[in-house]
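Residue numbers run from 1 in the order of the sequence given.
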Amino acid sequence: MSDIKSNYQQVKARINHACQQYGRTHAPKLLAVSKKHSLNKIQALAGLGQIDFGESYAQEGAQKIKELFDLALNWHFIGPIQSNKTKIIAENFSWVHSIDRMKVLQRLLRHRSTIKQPMNMLLQIKIGDEASKSGAKIDEIYAMAEVILKSEGGVFRGLMCIPPPSHDFATQKKYFLQAKEVYADLATRYPSVDTLSMGMSGDLEAAIESESTLVRVGTDIFGPR
Ligand SMILES: *Cc1c(COP(=O)(O)O)cnc(C)c1O
């Protein structure tokens, strides 16, 4: 567990360093991606002050949320969403980052409508060439935003993206700037928009230069899965 502490400090130092380098006065939020990692590790990180955790599998995440209820953590669903998992996601998580189609959005809203707290919703935007598998096209993003705005179950908080993997900083940045441009337009239209979820272990710096407000880090904190 001492590994987790030093890993965590290193990731935070990396974020702070990138903020200084790129003139960012507000650091992005750090989401600790705990999928496939144990309750013990999550508890250890929570003990160091981490509050936001991300999970990619609905059942696994819901189980952890129940077991760790007393810690009052913020849980984000970030994985691909199958229609038949929308109920378990809507009933357990306070954030969802990976909404990529209307059908899934409508099901999440319907399942959330019976719960007092609306769900914080990010739309996953398709970035890069046609080869990139996940995410919605720009016109679908705007259509889904309108649906959230008219709903009771959701608050529209912004965008998430997972660009095609690249080790080249300039390529990483090119992708992130595509998301940032759409995000900036949405933020001028919708006052509730304040979150741009992009950047992982391998491309944190490029995301921070591109004004990400939330980075999602798993491996560099918890070790390999
Ligand atoms: C697993 C995952 C991450 C974390 O990836 P690491 O490479 O372990 O840091 C971030 N975002 C999403 C959507 C993921 O599924």
Evaluation steps, side chain to side chain contact (heavy atoms under 4.5 Å, CB included), between F53 and K64: CA-CA 11 Å; F53 288 83; K64 287 172 173 168; over 6 Å; no
Would you compute the distance between atom NE2 of H37 and atom CD1 of I4 and round it to the nearest 0.5 angstrom?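 Reported to 0.5 Å precision, the distance equals 8.0 Å.
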So, taking the atom named CG in L105 and the one named CG in L109, what distance separates them when rounded to the nearest 0.5 Å? 4.5 Å
Evaluate the side-chain proximity of [Y] to [X]: yes if any heavy-atom separation is below 4.5 Å, no if none is.
X    : Y    : value
M160 : L123 : no
I89  : I81  : yes
I141 : D139 : no

Common cluster, [X]/[Y], ILVMFWY with side-chain heavy-atom separation under 4.5 Å:
X    : Y    : answer
V33  : M198 : no
M121 : I115 : no
I127 : L177 : no
I65  : I42  : yes
L73  : L31  : no

Counting distance only, does the side-chain N/O of [X] pair as donor-acceptor with the main-chain N or O of [Y] below 3.5 Å?
X    : Y    : answer
S56  : I78  : no
K174 : G128 : no
D185 : V182 : no

Closest heavy-atom pair and its distance - [X], [Y]:
X    : Y    : value
A32  : L45  : CB-CD2, 3.5 Å
P28  : C19  : CD-SG, 3.7 Å
L48  : K5   : CD1-CA, 3.7 Å
K180 : L196 : CA-CD2, 4.0 Å
A27  : I15  : CB-CG2, 4.4 Å
S210 : K173 : OG-CG, 3.6 Å

Scan residues 70-79 for pairs that pass salt bridge (Lys or Arg N to Asp or Glu O under 4.0 Å), counting only residues two or more places apart or in two chains. none
Provide the full list of salt bridge (Lys or Arg N to Asp or Glu O under 4.0 Å) pairs with a residue in residues 73-90, sequence neighbours left out, each pair given once.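 Counting only pairs at least two positions apart or across chains, the salt bridge (Lys or Arg N to Asp or Glu O under 4.0 Å) contacts touching residues 73-90 are K87-E91.
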Could you walk me through whether L108 and V96 satisfy the side chain to side chain contact (heavy atoms under 4.5 Å, CB included) test, starting with their C-alpha distance in whole Å, then the side-chain angles of each, then the deciding distance to 0.1 Å, before giving a yes or no? CA-CA 9 Å; L108 286 169; V96 56; 4.3 Å; yes
Answer with yes or no whether the side chains of S134 and Q124 bring together a donor and an acceptor at under 3.5 Å.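 Present: a donor and an acceptor within the cut-off.
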My understanding is that only residues two or more places apart in sequence, or in another chain, count here; which of them pass salt bridge (Lys or Arg N to Asp or Glu O under 4.0 Å) with E140? none
Can you list everything that forms a side chain to side chain donor-acceptor pair (under 3.5 Å) with Q178? Sequence neighbours excluded, please.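 If we apply the side chain to side chain donor-acceptor pair (under 3.5 Å) test to Q178, skipping adjacent residues, there are no hits.
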Report the residues that fulfil side chain to side chain donor-acceptor pair (under 3.5 Å) with Q63, sequence neighbours left out, ordered by chain and then residue number.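 With sequence neighbours excluded, Q63 shows a side chain to side chain donor-acceptor pair (under 3.5 Å) to E67, given in chain and number order.
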Residue pairs passing the ring-ring contact (aromatic ring centres under 6.0 Å, His included) test with at least one member in residues 160-185, sequence neighbours excluded, are none
Which residue pairs satisfy the ring-ring contact (aromatic ring centres under 6.0 Å, His included) criterion with at least one member in residues 84-106, sequence neighbours excluded?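 Checked against ring-ring contact (aromatic ring centres under 6.0 Å, His included) - neighbours excluded - the pairs reaching residues 84-106 are H76-W95, H76-H97, F77-F93.
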If a pair satisfies side chain to side chain donor-acceptor pair (under 3.5 Å) and one of its residues is in residues 16-34, list it, with sequence neighbours excluded.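 Qualifying pairs, neighbours excluded: S34-E55.
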For residues 106-116, the side chain to side chain donor-acceptor pair (under 3.5 Å) pairs (sequence neighbours left out) are T86-R107
For D168, enumerate each residue passing the side chain to side chain contact (heavy atoms under 4.5 Å, CB included) test, keeping only those at least two apart in sequence or located in another chain.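 With neighbours one apart ignored, the set is S166, A170, T171.
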Distance-only donor-acceptor hits, side chain of residues 214-225, under 3.5 Å, sequence neighbours excluded:
unit_1: R216; atom_1: NH1; unit_2: S197; atom_2: O; d: 3.0
unit_1: R216; atom_1: NH1; unit_2: S197; atom_2: OG; d: 2.9
unit_1: R216; atom_1: NH2; unit_2: C161; atom_2: O; d: 3.3
unit_1: D220; atom_1: OD2; unit_2: R14; atom_2: NH1; d: 2.9

Heavy atoms of other groups near L71 CG, more than 12 under 6.0 Å: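 Buried by this count: over 12 neighbours within 6.0 Å.
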Atom CD1 of I51 with >12 non-hydrogen neighbours under 6.0 angstrom: no
Side-chain donor-acceptor pairs of residues 146-158 under 3.5 Å, sequence neighbours excluded:
unit_1: E146; atom_1: OE2; unit_2: Y190; atom_2: OH; d: 2.6
unit_1: S151; atom_1: OG; unit_2: I148; atom_2: O; d: 2.8
unit_1: S151; atom_1: OG; unit_2: G154; atom_2: N; d: 3.4
unit_1: R157; atom_1: NE; unit_2: D194; atom_2: OD1; d: 3.0
unit_1: R157; atom_1: NH1; unit_2: N120; atom_2: OD1; d: 2.8
unit_1: R157; atom_1: NH2; unit_2: D194; atom_2: OD1; d: 3.4
unit_1: R157; atom_1: NH2; unit_2: D194; atom_2: OD2; d: 2.9

